[in-house]
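These notes are about the structure you will find just below.
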Amino acid sequence: MRRIIHKKFFNRDAHIVARDLLGREIRRRIGSRVVRAVITETEAYMGPHDKASHAHRGLTKRTAPMFGHPGTLYVYLVYGMHYCLNLVTREKGYPAAVLVRAVRLLPSGILINGPGRVTRALAIAKSFNNKNIFSDKRLMLGPRHFTPKQIRKTPRIGVPYAGAWAHKPLRFLIE
DNA sequence: GGTGCGATTGCA
DNA sequence: GCAATCGCACCA
């Protein structure tokens with residue numbers, strides 16, 4: 001089977017994948033319709049030692065998808081009302097992931113800013129959790145639309161409890 | 001079995 | 001500034 005993104009794409013450290021996802025297309029198939037968007041902002045959750053990561057607490061019912069194969073979807077509910085979409089990285093058994101924080105819809109170019117708004121725009125909810133982006137026909141990665149000239153790095157959003165990890169530049173975005 | 005809170009958002 | 005809203009991690 002021919003793939004635009006090779007399976008090994010996700011078998012790398014989360015900060016590498018997070019950068020590499022910028023400028024790439026993500027497609028959501030809803031019946032015969034396809035919603036397309038370009039990823040413009042991501043965050044990396046590096047592993048069990050990363051205090052900002054859910055995986056910091058180890059293998060739990062919630063975090064189990066993070067321990068899955070590269071390309072696994074980790075979709076969880078935050079604040080009781082918003083879903084966040086993550087793409088699991090590294091080899092099976094190592095919990096790391098990339099959070100998709102913003103996209104631009106195609107062809108309109110409308111910016112969807114914020115992980116909760118991204119999942120709403122792409123109609124992604126809990127039924128996607130623990131699925132794999134290489135096998136679930138509802139979601140797939142498309143081609144790279146451009147290579148960012150400059151990638152801005154900042155600390156991750158909403159993780160003030162993470163100690164030194166709160167300050168690490170693991171949020172990546174296109175200007 | 002009880003409790004506290006979060007990888008957020010929208011509105012006052 | 002803060003309410004909404006609920007799954008679940010954690011403690012007992």
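No experiment lies behind these values; they were computed from the predicted model shown. Each chain gets a letter, A, B and so on, in the order the sequences are listed, and its residues count up from 1.
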Handout entry: Distance below 4.0 Å between A:Arg101 side-chain N/O and B:dT8 OP1 or OP2
Key =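 Yes, within the criterion.
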
Handout entry: Phosphate-side-chain proximity, A:Arg57 and B:dC5, N/O vs OP1/OP2 below 4.0 Å
Key =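 Negative; the distance criterion is not met.
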
Practice task
May I ask whether A:Met140 and A:Tyr74 are part of the same hydrophobic cluster, defined by side-chain heavy atoms of I, L, V, M, F, W, Y residues being less than 4.5 angstrom apart, directly or through others?
Solution key: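 No; tracing contacts between hydrophobic side chains, which count when under 4.5 Å, never links both residues.
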
How many whole angstroms separate atom [atom1] of [X] from atom [atom2] of [N]?
| X | N | atom1 | atom2 | result |
| --- | --- | --- | --- | --- |
| A:His82 | C:dA3 | NE2 | P | 15 Å |
| A:Tyr83 | B:dG6 | OH | P | 19 Å |
| A:Glu43 | B:dG6 | CD | C1' | 14 Å |
| A:Tyr79 | C:dA3 | OH | P | 14 Å |
| A:Leu85 | B:dT8 | CG | P | 14 Å |
| A:His54 | B:dT8 | NE2 | C1' | 12 Å |
| A:Lys51 | B:dA7 | NZ | C1' | 17 Å |
| A:Ile157 | B:dT8 | CD1 | C1' | 11 Å |

Select one nucleotide: of [options], the one nearest the side-chain heavy atoms of [X].
| X | options | result |
| --- | --- | --- |
| A:Tyr76 | B:dG6, B:dA7, B:dG10 | B:dA7 |
| A:Met66 | C:dC6, B:dG6, B:dA7 | B:dA7 |
| A:Tyr45 | C:dG7, B:dA7, C:dC8 | B:dA7 |
| A:Lys61 | B:dG6, B:dG10, C:dC8 | C:dC8 |
| A:Arg62 | C:dC8, C:dC6, B:dT8 | C:dC8 |
| A:Arg117 | B:dT8, B:dG10, C:dA9 | B:dG10 |

Exercise for the section: Check every strand shown and say whether A:Arg171 touches a base, only sugar-phosphate, or nothing at a heavy-atom separation below 4.0 Å. Expected result: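 Nothing, no heavy atom under 4.0 Å.
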
Practice task
Using atom types as modelled and distance alone, determine if a side-chain donor or acceptor of A:Arg156 lies under 3.5 Å from a backbone N or O of A:Trp165.
Solution key: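 Confirmed, A:Arg156 side chain pairs with A:Trp165 backbone.
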
Problem - Sidechain-backbone polar pair: A:Asn11 side chain, A:Glu91 backbone, donor-acceptor under 3.5 Å - result: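 Yes, because the side chain of A:Asn11 sits within donor-acceptor range (under 3.5 Å) of the backbone of A:Glu91.
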
Exercise for the section: For the pair A:Asp20 and A:Arg12, evaluate salt bridge (Lys or Arg N to Asp or Glu O under 4.0 Å) and give the outcome as yes or no after the intermediate values. Expected result: CA-CA 10 Å; A:Asp20 207 351; A:Arg12 297 179 292 168; 2.7 Å; yes

Exercise for the section: Hunt down the Watson-Crick or G-U wobble partner of B:dT9, both distances under 3.5 Å, from any strand shown, or write none. Expected result: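 In the structure as shown, B:dT9 has C:dA3 as its Watson-Crick or wobble partner.
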
Handout entry: Crowding at NE2, A:His56 (>12 non-hydrogen neighbours, <6.0 Å)
Key =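 Yes, NE2 of A:His56 has more than 12 neighbouring heavy atoms, counting only those of other groups under 6.0 Å.
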
Problem - Separation of the P atoms in B:dC5 and C:dC2, to the nearest angstrom - result: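 One P to the other, the span is 16 Å.
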
